[in-house]
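This chain uses plain numbering: 1 for the first residue, then up along the sequence. Because only heavy atoms are used, hydrogens play no part in the values below, and waters and symmetry mates are left out as well, while side chains stay in. Just follow the structure's listing: the first ligand is 1, and inside any ligand the first atom is 1.
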Amino acid sequence: MRFYSTNHEAPAATLSQAIERGIAPDGGLYLPQEIIPLPIPFFRNIAEMPATDIAYVVANTFLAEDFEPETVRAIVNSALSFPMPMLQLDGTHIATMELFHGPTKSVKDIGAQFMASLLRTIRGNNATPVNIIAATSGDAGSAVASAFHSLPGVHVTILYPKGRLTYQQRQSFVSLGPDVTPVEVRGSFDDCLALARNATLDPDLAGHVRTITANSINIARFLPQTFHFFNAFARMVEAGADPDQIVVAVPSGNLGNLAAALLARRMGLPLKRIVAATNANDAFTRYLTTGILEKRPEVATHANAMDTSAPANLPRVAELIPPDPVALTAYSISDEEILQAISDVYNKYGYVTDPHAACAYTALCRSLQPGEHGIFMATADASKCRDVINRAIPSLARQEAPPARPQHRNVQPHTIPATYQSLKTIILQTNEQQTHP
Ligand SMILES: *Cc1c(COP(=O)(O)O)cnc(C)c1O
């Protein structure tokens, strides 16, 4: 399978080229050149298939040309190494799909583990050092650091906006030992993403150390996100839902998950409607009505892993938008509505949902019609956002659990202004220390 650039000005790339570049030379993002609809019998049997079998069929459409079936199977199994249960909250009218049972309790574990496994397979015995870089507003940093830090020859650089992560979010990657370099940026998440992007596009830096982005703009992080939607559909049909009436709501920030839902639909998954839920950063909701991405300053919200005013995967979404406009809607959810939703879900169903999923729940409730079956995707474990949960459900308020004793001494983060030169200096210094200790 080859991958084209959404800017249509760079030549198509092989899978390994697309992974190593992250961003196409013309600045676009990669998407599969052919979108192959899955056969009808697959959808007929899907409700009887376990998640890893479903993911294997989907993954093969992208990977079969490059890898042996057992290699694809191994990559899929290492990415989906934990359960992804669906909970029916209100008959089959409203359900939630828990995608957060991985090592860092985030949906991003699946994509990060998939990409790490794919990269390890592609590299084989090649031990040339590589620098994996990721910008994070909350959860990507831990998931990427956890998936990559122990791979041979791999160093990880995590960029995050100063003062915006919770203690636990930050702790989860500063405590992994010397193979992870934390870089705190005096700027926004969007600044961090721009710096990471510059690093992957800088030919001079590439002459010293190959730098690969592990944000969801990377095709290897992006593709496995399609699995969630096939799996959610299967579990809903298995629970007795009408397959023609299934609606999914997606907590959305950089729109990787949303673009993957749209890709799954193009591959034949009969989702009746896809509902995008953003937090107060409403750039995408406005884009969907006006067709224009209007930059406004990024604001900090209770759903911090979705804080961005310039969604990185918008070029993919734009390519995949369904011709039928009612098949995709979007809602922006305020912090007050997040607290209200967490409290409502708890009072109605006795279930504690996290602030990101709460956005999706609220958007779903606004969109769902009688007779439809709605699924809101749950992207993080509520225990990661205890402060917000305590505010929403005071009766449940608990003390922060004492942090687990780190295995390594914390690595002291570098603090830099939002300039590429400052980042480059750190990457070069770190690489020098790694190669000539
Ligand atoms: C990353 C993330 C999202 C948003 O996913 P995108 O693909 O960036 O839109 C939502 N919730 C949580 C908890 C996340 O970590």
**Asked** Is any N or O atom of V107, backbone or side chain, closer than 3.5 Å to an N or O atom of ligand 1?
**Response** no
**Message:** Out of all atoms in ligand 1, which are within 4.0 Å of some heavy atom of D139? Include the element for each.
**Reply:** 13 (C), 15 (O)
**Request:** Keeping the roles fixed (side chain from T301, backbone from D335), state whether a donor-acceptor pair exists under 3.5 Å.
**Result:** no
**Prompt:** Looking only at side chains, do S142 and S172 share a donor and an acceptor under 3.5 Å apart?
**Reply:** yes
**Item:** Closest approach of any protein heavy atom to atom 11 (N) of ligand 1, naming residue and atom
**Value:** T379 OG1, 2.7 Å
**Prompt:** Is R316 close enough and on-axis enough to F222, meaning under 6.0 Å and within 45°, for cation-pi?
**Reply:** yes
**Message:** If the cut-off is 4.0 Å to any non-hydrogen atom of S252, which atoms of ligand 1 fall inside it?
**Reply:** 9 (O)
**Under 3.5 Å side-chain donor-acceptor pair for E184 and T415** = yes
**Request:** Return the option from K108, H356, K384 holding the heavy atom at the smallest distance from atom 14 (C) of ligand 1.
**Result:** K108
**Message:** Out of all atoms in ligand 1, which are within 4.0 Å of some heavy atom of G256? Include the element for each.
**Reply:** 6 (P), 7 (O), 9 (O)
**Message:** Between E337 and Y331, do the side chains contain a donor N or O and an acceptor N or O under 3.5 Å apart?
**Reply:** no
**Message:** For atom 5 (O) of ligand 1, what is the closest protein heavy atom, and at what distance to 0.1 Å?
**Reply:** N257 ND2, 3.7 Å
